[in-house]
Amino acid sequence: MEITVPEALVIGASRGLGLVLARELTRRGWDVTATTRGDTPPGIRVEPLEMTDPAQLAALRSRLGERRFDLLFVNAAVDRGNLPIREVPADMFTEVMVTNALSPLRVLEALRELVVRGGTVAVMSSEQGSITLNTEPGYELYKASKAALNQLMRSYATRYEGDGRTKLLIDPGHNRTRLGGPDAPLSPEESIPLVVDVLEAQAGKPGLQFLDRHGETVPW
């Protein structure tokens, strides 16, 4: 009997959470293709992509051709410091919103037909994007960008409600990465296996959910 190996496309695996995600999927037997901005992690098939560049995204779509994936996971975020919104320059606001909210959805739109019916489309979000949980001051621009990402993902899910695909926003927790800082309580090696558990458990369940690394619902 032929054994089918699940295939994953991980967008944004140069380092941190995305790289650990690609490696964890590979460890579990997935055939992984990952995009990076020039780095080539060993043992993973790599495609170059700067996801904020529409021309590079179109070129990636062309190179992937007729390939099909069981999972498309988009990981991308920048943070430009803990400024109150009154001090955020317009160019900084634009950069963070384009990277954290607009570009992930452009990727989903450009590559969605490569995901098999019954497959999963997922984006790395954060509980910082939860309006309900925004009860402490700080990081206003980052929070706004993740809330925008969540809202755009809701619109995407509404538009493609009948496509049979699982749609997930994933909060991996506060990790020790370049974004999360050295004092974060979690390492990617701790949180990402739990994230993959959630991805595998939710496979084949159409509709949109906002979940944490334990599979619990994060309030919008």
Side-chain angles (χ1 to χ4, degrees), residues 10-22 34-39 48-58 60 72-111 121-157 167-186 188 191-192 195 208 210-213 218-220:
V10 179
I11 305 295
S14 294
R15 60 180 180 269
L17 295 173
L19 176 56
V20 177
L21 175 66
T35 71
T36 70
R37 289 177 295 181
D39 303 312
L49 177 68
E50 169 50 66
M51 66 178 294
T52 61
D53 185 337
Q56 289 195 30
L57 179 57
L60 173 67
L72 168 60
F73 196 108
V74 181
N75 172 63
V78 295
D79 174 28
R80 292 298 180 250
N82 187 13
L83 297 174
I85 200 67
R86 67 178 179 274
E87 297 178 10
V88 173
D91 58 348
M92 181 188 294
F93 183 90
T94 300
E95 178 200 11
V96 172
M97 284 292 181
V98 168
T99 301
N100 293 2
L102 177 60
S103 294
L105 270 295
R106 280 178 168 171
V107 169
L108 295 191
E109 292 284 6
L111 304 180
V121 174
V123 180
M124 198 78 84
S125 186
S126 169
E127 72 168 19
Q128 299 258 31
S130 167
I131 294 174
T132 302
L133 297 179
N134 186 11
T135 58
E136 297 181 0
Y139 295 93
E140 295 176 21
L141 176 55
Y142 182 77
K143 289 176 179 178
S145 71
K146 286 298 186 179
L149 169 68
N150 293 351
Q151 183 72 288
L152 290 172
M153 187 65 173
R154 170 64 78 183
S155 296
Y156 174 92
K167 303 174 185 70
L168 298 172
L169 288 159
I170 298 290
D171 165 32
H174 188 189
N175 283 263
R176 292 188 294 275
T177 62
R178 183 179 296 184
L179 180 69
D183 299 323
L186 295 168
S191 63
I192 288 301
V195 168
L208 175 63
F210 185 11
L211 303 176
D212 67 15
R213 67 187 184 280
V218 181
W220 295 89

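Along the sequence shown, residues carry numbers from 1.
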Please evaluate residues Trp220 and Arg154 with respect to the criterion side chain to side chain contact (heavy atoms under 4.5 Å, CB included), reporting the C-alpha separation (whole Å), side-chain torsions for both, the decisive distance (0.1 Å), and the verdict.
CA-CA 10 Å; Trp220 295 89; Arg154 170 64 78 183; 3.4 Å; yes
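- Side-chain contact between Thr36 and Pro48 is absent, with no heavy-atom pair separated by less than 4.5 Å.
- With values rounded to the nearest 0.5 angstrom, Ser145 atom OG is found 8.0 Å from Asp79 atom CG.
- Side-chain contact between Met153 and Phe210 is absent, with no heavy-atom pair separated by less than 4.5 Å.
- Between Pro84 and Glu140 the shortest side-chain heavy-atom distance falls below 4.5 Å.
- Closest of all the heavy-atom pairs between Leu141 and Phe93 is CD1-CD1, 3.5 Å.
- With values rounded to the nearest 0.5 angstrom, Ile170 atom CD1 is found 12.0 Å from Ser126 atom OG.
- In this structure, Asn134 contributes its side chain and Gly129 its backbone to no donor-acceptor pair below 3.5 Å.
- Judged by distance alone, the side chain of Ser191 and the main-chain N or O of Gly173 form no donor-acceptor pair under 3.5 Å.
- Under a cut-off of 6.0 angstrom, the local environment of CG in Leu133 is crowded, with over 12 non-hydrogen atoms contributed by other residues, nucleotides or ligands.
- Within the 4.5 Å cutoff, the side chain of Leu111 has heavy atoms near those of the Ile11 side chain.
- Distance check: Leu57 CG to Glu109 CD gives 10.5 Å after rounding to the nearest 0.5 Å.
- In this structure, Asp53 CG and Arg106 CZ are separated by 9.5 Å, a value rounded to the nearest 0.5 Å.
- Counting heavy atoms from C-beta outward, Val123 and Leu168 have side chains that stay 4.5 Å or more apart.
- Residues Tyr156 and Leu208 fail the side-chain proximity criterion, which asks for heavy atoms closer than 4.5 Å.
- Rounding to the nearest 0.5 angstrom, the gap separating the CG atom in Leu149 from the CG atom in Leu102 is 10.5 Å.
- In terms of heavy-atom proximity, Glu95 sits nearest to Arg80 at OE2-NH2, 2.7 Å.
- When Arg15, Met51, Gln56 are each tested for a side chain to side chain contact (heavy atoms under 4.5 Å, CB included) with Arg37, only one passes: Arg15.
- With Lys143 contributing its side chain and Gly138 its backbone, the two residues share a donor-acceptor pair below 3.5 Å.
- Checked by atom type and distance alone, the side chain of Asn82 pairs as donor or acceptor with a backbone atom of Tyr139 at under 3.5 Å.
- Within the 4.5 Å cutoff, side-chain heavy atoms of Leu17 are placed close to those of Ile192.
- Taking each heavy atom of Asn100 and Ala76 in turn, the nearest pair found is OD1-O, 4.2 Å.
- Remark: the backbone N or O of Pro219 is paired with a side-chain donor or acceptor of Ser130 at under 3.5 angstrom.
- Annotation for Glu50: atom CD counts as buried by contact number, over 12 foreign heavy atoms lying within 6.0 Å.
- Here the shortest heavy-atom pairing between Ala148 and Met97 reads CB-SD, 4.1 Å.
- In terms of heavy-atom proximity, Val10 sits nearest to Gly18 at CG1-O, 3.9 Å.
- Between the side chains of Asp171 and Ser125, no donor-acceptor pair of N or O atoms lies under 3.5 Å.
- Here the straight-line distance linking atom CG of Leu108 with atom NZ of Lys167 works out to 10.0 Å at 0.5 Å rounding.
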